[in-house]
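Encoded as structure tokens, the structure appears first; notes follow it.
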2 protein chains.
Amino acid sequence: MNEPANWSEHSARQITAAGLRRSTPRQRVIDLLADRDCAVTALEIDAELEGVGRATVYRAIEQLEDLGLVRKVDLGSSAHGYEKIEPSGHHHHHIVCDDCGKVEPFEDEALEEAIHDIHRKGFRLESHEVTLHGHCADCS
Amino acid sequence: MNEPANWSEHSARQITAAGLRRSTPRQRVIDLLADRDCAVTALEIDAELEGVGRATVYRAIEQLEDLGLVRKVDLGSSAHGYEKIEPSGHHHHHIVCDDCGKVEPFEDEALEEAIHDIHRKGFRLESHEVTLHGHCADCS
DNA sequence: ACTGATACTGAGACTAATTCTCATTTAGTG
DNA sequence: CACTAAATGAGAATTAGTCTCAGTATCAGT
Ligand SMILES: [Zn+2]
Ligand SMILES: [Zn+2]
Ligand SMILES: [Zn+2]
Ligand SMILES: [Zn+2]
């Protein structure tokens with residue numbers, strides 16, 4: 001019961017609520033992110049969105065990040081992408097093949113529980129990122 | 001019962017075993033990493049090691065990584081550093097303050113168990129990285 | 001210790017990713 | 001419609017990281 005089609009609308013509303021305007025270029029970035037279920041890099045977005053400037057793509061991502069609508073994910077070998085954050089809190093983590101760079105999403109309830117049980121005085125925890133590294137079948 | 005003073009020697013031995021030579025510049029990179037208990041960025045190493053070229057720093061890091069002597073760690077906001085890998089397998093993960101960028105190491109046994117229980121067909125898992133994000137006391 | 005083969009090195013050119021600047025356009029308000 | 005400020009795109013600037021290459025240093029063999 002996810003709401004992939006709604007994240008775009010939800011984000012547009014949050015953008016407005018934050019006092020920002022509804023511009024076409026930014027909305028196109030939002031729509032592209034809404035369509036993807038896993039990480040996309042800033043340059044991929046830039047390349048895919050003809051007519052939208054690089055600067056705009058980076059700015060949009062930054063704003064969405066600030067509003068907690070998008071999260072940055074480490075994709076190994078110095079690359080990183082962004083993916084939408086479902087308001088439900090439902091999310092996944094990533095396994096990356098250190099040989100070919102393939103990235104695969106995964107979910108694990110026990111892992112989530114272990115993380116939720118971590119408390120650190122002097123820190124208000126808000127999110128987490130887990131990346132498993134290994135070698136995929138093709139690279140073994 | 002850690003062996004912080006020995007990692008440097010251990011690494012030097014592995015370097016030799018891999019057919020590489022014992023050069024002073026590379027050894028200086030190793031020694032610097034041996035001294036640190038948490039992540040250092042490549043540029044920090046470069047800045048701290050007068051007389052050692054940037055290229056050499058990056059090359060040394062890459063070789064140490066390939067030999068499994070050093071691991072890359074994500075430090076939030078597009079920065080990443082490297083830290084030595086204890087032969088014992090003993091390691092820590094990181095909490096980063098999304099406001100000021102402060103990074104703090106932590107260890108959690110339950111988390112490690114949860115991670116070790118994860119199996120993914122089509123993937124031979126070898127290592128993992130966990131980063132908790134939040135706000136430190138100073139930034140709240 | 002001398003020698004040769006070759007790993008290693010530093011300087012700086014180069015590339016790629018991201019940020020910044022600024023003149024122009026556009027959304028939203030009245 | 002008119003005004004104001006947010007937003008945009010082109011491209012310059014900055015940063016991080018990689019590559020090239022001519023000279024240097026390591027090490028095995030003598
Ligand atoms: Zn993903
Ligand atoms: Zn999680
Ligand atoms: Zn650390
Ligand atoms: Zn661990």
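Chain naming here is simple, since letters A, B, ... match the order of the sequence lines and numbering starts at 1 in each.
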- Query: Going through the checks in order, is the side-chain contact (heavy atoms from CB on, under 4.5 Å) test met by Asp46(A) and Thr41(A)?
  - Reply: CA-CA 9 Å; Asp46(A) 180 49; Thr41(A) 69; over 6 Å; no
- Item | Chi angles and distances behind the side-chain contact (heavy atoms from CB on, under 4.5 Å) call for Ser140(B), Arg124(A) | CA-CA 8 Å; Ser140(B) 291; Arg124(A) 179 159 43 87; 3.5 Å; yes
N/O donor-acceptor pairs under 3.5 Å from side chains in residues 48-55 of chain B, not counting sequence neighbours:
| from | atom 1 | to | atom 2 | distance (Å) |
| --- | --- | --- | --- | --- |
| Glu48(B) | OE1 | Arg36(B) | NH2 | 3.0 |
| Glu48(B) | OE2 | Arg36(B) | NH2 | 3.1 |

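Within the structure, the ring-ring contact (aromatic ring centres under 6.0 Å, His included) test picks out the following pairs touching residues 121-140 of chain A (sequence neighbours left out): His91(A)-His128(A), His93(A)-His128(A). Within the structure, salt bridge (charged side-chain N to carboxylate O under 4.0 Å, His left out) contacts touching residues 110-123 of chain A (residues at least two apart or in different chains) do not occur. For residues 129-140 of chain B, the pairs satisfying salt bridge (charged side-chain N to carboxylate O under 4.0 Å, His left out) are Lys102(B)-Asp138(B), with sequence neighbours left out.
Note: Leu132(A) CG to Asp108(A) CG = 9.0 Å, rounded to the nearest 0.5 Å.
The side chain of Leu43(B) lies closest to dG17(D), out of dG10(C), dG17(D), dG9(D).
For the segment residues 58-71 of chain B, residues with any heavy atom less than 4.0 angstrom from an atom of DNA chain C are, sorted by number, Arg59(B). Annotation: proximity of residues 16-27 of chain B to DNA chain D (heavy atom, distance under 4.0 Å) is found for Arg21(B), Arg22(B), numbered in ascending order.
Here the P atom of nucleotide dG9(D) and the CZ atom of Arg28(A) are 9 Å apart, to the nearest Å. Look at CG on Asp46(A): it is 15 Å from P on dA16(C), rounded to the nearest Å. Taking atom CD1 of residue Ile45(A) and atom C1' of nucleotide dT18(C), one finds them 14 Å apart after rounding to whole Å. One can place CZ of Arg54(A) at 10 Å from P of dA17(C), the figure rounded to the nearest angstrom. At whole-Å resolution of the value, CD in Glu50(B) and P in dT9(C) are 17 Å apart.
Checking the phosphate oxygens (OP1, OP2) of dA17(C), no side-chain nitrogen or oxygen of His80(A) falls inside 4.0 Å.
In this structure, Glu83(B) contributes its side chain and Ala39(B) its backbone to a donor-acceptor pair below 3.5 Å.
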